[in-house]
Amino acid sequence: MRIVEVGPRDGLQNEPVGLSTDEKVELVEKLAETGLSEIEVTSFVRPDRIPNLQDAEEVSRRIMRRPGIAYWALVPNEKGLARAKAAGYRAFAFFMSASEAHNRRNVNRTVAESLLLARALAEAASAGAPPGEGRPRLRAYLSTSFGCPYAGPVPPERVAELAEALVSLGYDEVSLGDTIGAATPREVEEVLAAVATRLDLSRIALHFHDTRGMAAANALVGYRLGVRAFDASVGGLGGCPYAPGAAGNVATEDLVYLFEGIGAATGVDLDRLVAVARWLGGRVGHELPSHLARAGRLWWRGEATAS
Ligand code: MG
């Protein structure tokens, strides 16, 4: 199974207090030392849109590119893709929403327009690659797959149709986002059932927010149904911009504890990861919502306990 660590991007972009460039580089290095094999480092959006990530180029230049780790960059459009390629990335993540209302509000495009852009980006990502290098990895985030803050419920069939469209455009994986932390286990079952009629679930990742405390339950349901890729953010970093004070992405260490507890190896050193989450809480200036960072792991499951 795969855990995609999105804290340095999805987490930091939603934090009120940003990290310094030095601290961002340190965060990525610390995460790499936990055994995580996929890290989303930053976003190449317009700096004025997300000031927290305006040092994307510098962070990208300074991190060590370790073998065996996939470093992801979020790219909103052709310009962002060009910047990410110039910064040395070979794994690119695009984003759009399953609901028209959220897509319009977030990127000022219709869903159909976003699909056209997704196609252009998939083509441009492969163009000009040095000979000998395989094709780049591509993933697409499909936000509001479990509900839209403006339009309410999103039909599972619509999510399935869009996920299939993105795969057909060349995306290796579609990450279904529970953008506002709305999903319950039954809705996860319904969405995955719809998706499974069109796609192998090896093409699907799940991106849960713990806003209403359902993330671990939802992840477990996804795992039982065959999904093997989950996005998470160290410490549970990153609030939800639509729900002030709400929890952010599910904490990576909480998911690791869950999966290790059911015998699904993640390759992540939980004690090291908890240490990173605690360090990070000191940097962002508030306690992070992670359960494991607060409670620690039980002594008979390993070395870490609450400090
Ligand atoms: Mg998120």
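Counting starts at 1 for both ligands and their atoms, following the listed order.
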Confirm or rule out an N/O/S atom of Asn249, from backbone or side chain, lying less than 2.8 Å from the Mg ion (ligand 1).
yes

Counting backbone and side chain alike, does Asp231 bring an N/O/S atom below 2.8 Å of the Mg ion (ligand 1)?
no

When Glu40, Glu38, Glu5 are each screened for side-chain hydrogen bond (donor to acceptor under 3.5 Å, both in side chains) with Trp72, the one that passes is Glu38

Please say whether the positively charged group of Arg104, taken as NZ for Lys or CZ for Arg, lies over the ring of Tyr150, i.e. under 6.0 angstrom from the six-membered ring centre and within 45 degrees of the axis.
no

Quick one: OG on Ser290 to CD on Glu253, what's the gap to the nearest 0.5 Å?
3.5 Å

Please answer whether the main-chain N or O of Ala215 pairs with a side-chain N or O of Asp210 as donor and acceptor at a distance below 3.5 Å.
yes

What atom name does the N, O or S atom of His207 nearest to the Mg ion (ligand 1) carry?
NE2

Can you tell me the N, O or S atom of Asp10 that's nearest the Mg ion (ligand 1)?
OD2

